[in-house]
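So that the names make sense, note that chain A is the first sequence line, chain B the second, and so on, each numbered from 1.
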2 protein chains.
Amino acid sequence: MAVQDHTFSHVDCEACPIRHRAVCARCDADELERLEEIKYYRTFEAGQTVIWSGDRMDFVASVVEGIASLTQAMEDGRTQMVGLLLPSDFVGRPGRETAAYNVVATTRLTMCCFRKKPFEAMMLRTPHISQRLLEMTLDELDAAREWMLLLGRKTAREKIASLLAIIARRDATLKLASATGQIVFDLPLTREAMADYLGLTLETVSRQISALKRDGVIQLEGKRHITVPDMDRLMDETGDDTDGGVYI
Amino acid sequence: MAVQDHTFSHVDCEACPIRHRAVCARCDADELERLEEIKYYRTFEAGQTVIWSGDRMDFVASVVEGIASLTQAMEDGRTQMVGLLLPSDFVGRPGRETAAYNVVATTRLTMCCFRKKPFEAMMLRTPHISQRLLEMTLDELDAAREWMLLLGRKTAREKIASLLAIIARRDATLKLASATGQIVFDLPLTREAMADYLGLTLETVSRQISALKRDGVIQLEGKRHITVPDMDRLMDETGDDTDGGVYI
DNA sequence: CGGGGGGTTGATCTCCTTCAATCAACGTGG
DNA sequence: CCACGTTGATTGAAGGAGATCAACCCCCCG
């Protein structure tokens, strides 16, 4: 996904690329108008930290463009990514004073921020927002639980295949390409970020990617550009229950 | 926690033991009355399966008494617990037709079930319910993410210590005992269930419990009865960030 | 008495980590 | 333009934490 050049100094909500998927998806014109009053945009370069865990946080936000990661760290440096934030995903928790995780921009990142106090007030008056947020939170909980299975029980090879499958699937839906043909995409993550996501070391990530390449499951150009010649083959490697189902 | 003998054929919501923590916590008398109309109780013996993943589910529920586990399984039998359901926890997802996980009663279990359709209809009219459900879901998401760190990055010993600490803490608050003295509790889980929760084998669980006992971190009577002579010592073993904070 | 469920312990194996060397791409300053 | 440092990635060798396979124990119950 090419980085775009929008400045986002101000964008009309109606024209927003994540209008129908974000926390504001159910809002009517009137409600959007009130959101416009409390929103502002912030942009971060790849690698920049958006928030440190424990920091005071006086906004919540939607990811508009780019990718961010949610990570937790132990004192000795061991790090686990606990969420990958894609466009339309929500950041922050209403009712909470401080950030619970580190948020880092993985790519160039634009967020639509809402001042927390007014947003919380608005949530009480606007069921459309809480309803959508509940739905999104339930989805995230499902994703987190799927990831728990991966972290707790999958082999390194299965972990890598699962991550590639998720990214491939997401990219395929974005591009509206049929999932039957070759799937081509760029990894939005470094090997280290992948390792943090998968609960592995970056060396193991590198080795397993090489192994999948050697076995013809994927093709690599450069470090990041990936071709999946046969999606079913990749799915077989994930260890997931496929039983002929469609991978949504 | 002793298994109680309530039949729960019908209990007045006002007298319910989880009245102030469950999904109905914020409901007023009027709203409770409407909930009474769509609720019914079900009880399961330890070991019984409440729902199989994929099964049609025409209710949602609150755990009233006992413990249930939420598990995900791979075809080859590898199993990962993705949630431990304690009294007041919510089961099921409004808007979803089929169960996403296996739900198994770990102890004798009583649930307060709501017929799904009327419950969903009521949610739309009753912000008190959705608000509370959102709050509970956000808490569960945090718990799931904490568990991701455990699964992805902690050693077997740290995993065991973390689980013991969580159970000890919960029991201490239930008993309103000061957390400073000795903490004594019974494990509500078999070694196998612990293994499924921690992403380990039951042999490793057994070995690590023996090691913690050998090192004096815990004392064991029988297989399940545990004494923690020094909670700080146990916390040190979890690998978590303590920096003098109170363990809530 | 036999059997089964839950648990412990031992021996061995293996997958992943750790430590380390090397490489390619890139920018930067002399 | 080249030397140099940096960053991200690959690959190798060695070691170890946890898995696997297996024997055995304890206790309860029919």
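Around CZ of B/Arg21, the count of heavy atoms belonging to other residues, nucleotides or ligands within 6.0 Å does not exceed 12. The number of heavy-atom neighbours closer than 6.0 Å to CD of A/Glu192, taken from other residues, nucleotides and ligands shown, is 12 or below.
Distance A/Asp196 CG to C/dT17 P: 12 Å, rounded to the nearest Å. What separates CG of A/Leu198 from C1' of C/dC16 is a distance of 14 Å, to the nearest Å. A straight line from NZ of A/Lys154 to P of C/dC16 spans 14 Å, rounded to a whole angstrom. The CG-P distance, from A/Leu150 to C/dC16, rounds to 12 Å in whole Å. Atoms CD1 (A/Ile209) and P (D/dT11) sit 11 Å apart, rounded to a whole Å. If you take CG of B/Leu200 and C1' of D/dA17, they are 11 Å apart, rounded to a whole angstrom. In this structure, B/Leu220 atom CG and C/dG6 atom P are separated by 18 Å, rounded to whole Å. Atom pair A/Arg78:CZ and D/dA17:C1' shows a separation of 13 Å (rounding to whole Å applied).
Within the 4.0 Å cut-off from OP1 or OP2 of C/dT9, not a single side-chain nitrogen or oxygen of B/Arg207 is found. Between C/dT18 and A/Thr201, no contact under 4.0 Å exists linking OP1 or OP2 to a side-chain N or O. Side-chain nitrogen and oxygen atoms of A/Thr204 include at least one within less than 4.0 Å of the OP1 or OP2 phosphate oxygen of C/dT17. Between A/Ser206 and the phosphate of D/dA9, there is no side-chain N or O to OP1/OP2 separation shorter than 4.0 Å.
Taken residue by residue, residues 155-162 of chain A places heavy atoms nearer than 4.0 Å to DNA chain C at A/Thr155, A/Ala156.
Residue-level contact check: B/Gly199 touches the backbone only, with heavy atoms under 4.0 Å from sugar-phosphate atoms and none from bases. Counting any heavy atom pair closer than 4.0 Å across all strands shown, B/Gly222 reaches no nucleic acid atom.
Not a single donor-acceptor pair, N or O on each side, falls under 3.5 Å between the base of C/dG7 and the side chain of B/Arg224.
When each of D/dT11, D/dG18, C/dC16 is scored by its nearest atom to the side-chain atoms of A/Glu203, the top-ranked nucleotide is D/dT11. Of the listed nucleotides (D/dA19, C/dT8, C/dT17), C/dT8 has the atom at the smallest distance from the side chain of B/Leu202. The nucleotide whose nearest atom lies closest to any side-chain atom of B/Thr190 is, among D/dT10, C/dG7, C/dT9, C/dG7.
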- Query: So B/Met74 and A/Lys154, side chain to side chain contact (heavy atoms under 4.5 Å, CB included) or not? Walk me through it.
  - Reply: CA-CA 9 Å; B/Met74 298 171 69; A/Lys154 289 191 178 181; 4.1 Å; yes

- side chain to side chain contact (heavy atoms under 4.5 Å, CB included) evaluation trace for B/Asp89 with B/Leu84: CA-CA 9 Å; B/Asp89 281 343; B/Leu84 197 58; over 6 Å; no

- Task: Show your reasoning for whether side chain to side chain contact (heavy atoms under 4.5 Å, CB included) applies to B/Val217 and B/Asp236.
- Result: CA-CA 10 Å; B/Val217 180; B/Asp236 284 346; over 6 Å; no

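Side-chain contact between B/Arg169 and B/Leu234 is absent, with no heavy atoms from C-beta onward closer than 4.5 Å.
Partners of A/Arg157 by salt bridge (Lys or Arg N to Asp or Glu O under 4.0 Å), not counting sequence neighbours, listed by chain and number: A/Asp215, A/Glu237.
Rounded to 10 degrees, the angle separating the terminal axes of the helix from C/dC1-D/dG30 to C/dG30-D/dC1 is 20°, with each axis obtained from five end pairs.
For the atom pair CG of B/Asp196 and OG1 of B/Thr201, the computed distance is 10.5 Å after rounding to the nearest 0.5 Å. Residue B/Leu85 holds its CG atom at 5.0 Å from CG of B/Leu70, rounded to the nearest 0.5 Å.
The aromatic rings of B/Trp147 and B/Tyr197 lie parallel to each other, with less than 30° between the two planes, well short of the 60° mark.
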